**Student:** 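I'd like to ask you about the structure that follows.
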Amino acid sequence: MVRLRILALAWVGISSAAGAQAQRALLDCTAILSDGERLACYDAAVKAFSTEARAVSERREAQAAKLAAAAATAGAAQKADGFGRETTRAAKADPARIERIDSVVREILSDGRGKPVFVLENGQIWRQAEAINLPTIRASSPVSVRRGAMGSYRLFVEGGNRSVQVVRVR
């Protein structure tokens, strides 16, 4: 709404040679077919009219940048949440897929067969799939879960060189 008001005021107030150039820029924008490109053209043309118009445009651009950054962060969190749950070939072949997650063990439980179940701070739960003993691991131990061979996952304890195969429970 503010943008339209500024555009209307600018259109009415154009009288100088600089104003004639700005008017030409606005007219050129009307010929653009793509809505997004046309709007970007109008935004650029209106910035030339006044410092107020420039300030309004810069605030809008800053807000748009914040929204884009928040969307990117949400997308990364969603990918991390899906780590270990991939089932389709397309998901496994995704070049942007996550190769590892880092977290801290919040709690260690035991399943019905006595195998450890690791509850991580990020909310994920992983069950040990192998019958080997890990080096000492406790609640608050930093760990990473990495992709292994043939669709498997391995849990590594930070500072150690041993790992154990795990399966995502939740």
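Values reported hereafter were calculated over all heavy atoms of this structure, with side chains retained and with hydrogens, waters and symmetry mates removed. Counting begins at 1 with the first residue of the sequence. Every value quoted in this text rests on a predicted model; they were computed, and no experiment measured them.
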**Student:** Linking I/L/V/M/F/W/Y whenever any side-chain heavy atoms sit under 4.5 Å apart, do F118 and V104 land together?
**Tutor:** no

**Student:** Measuring from E107:CD to I125:CD1, what's the distance to the nearest 0.5 Å?
**Tutor:** 9.0 Å

**Student:** Could you point out which residue of R147, R168, R100 forms a side-chain hydrogen bond (donor to acceptor under 3.5 Å, both in side chains) with Y153?
**Tutor:** R147

**Student:** Report the distance from atom CZ of R127 to atom CG of L109, rounding to the nearest 0.5 Å.
**Tutor:** 13.0 Å

**Student:** Kindly give the heavy-atom pair with the smallest separation between W126 and V166, and that separation in Å.
**Tutor:** CE3-CG2, 3.4 Å

**Student:** Which pair of non-hydrogen atoms, one from R38 and one from I32, has the smallest distance, and what is that distance?
**Tutor:** NH1-O, 2.6 Å

**Student:** According to a hydrophobic-cluster definition based on side-chain heavy atoms being under 4.5 Å apart (Ile, Leu, Val, Met, Phe, Trp, Tyr only), do V143 and V167 belong together?
**Tutor:** no

**Student:** Going by side chain to side chain donor-acceptor pair (under 3.5 Å), name the residues that satisfy it together with D28, two or more places apart in sequence or in a different chain.
**Tutor:** R24

**Student:** As an exercise, state the distance from CG of D102 to CD of E121, rounded to the nearest 0.5 Å.
**Tutor:** 12.0 Å

**Student:** Considering only heavy atoms from C-beta outward, does the side chain of L120 approach that of I101 to under 4.5 Å?
**Tutor:** yes

**Student:** Looking only at heavy atoms, what is the nearest atom pair of L27 and T30, with distance?
**Tutor:** O-OG1, 2.5 Å

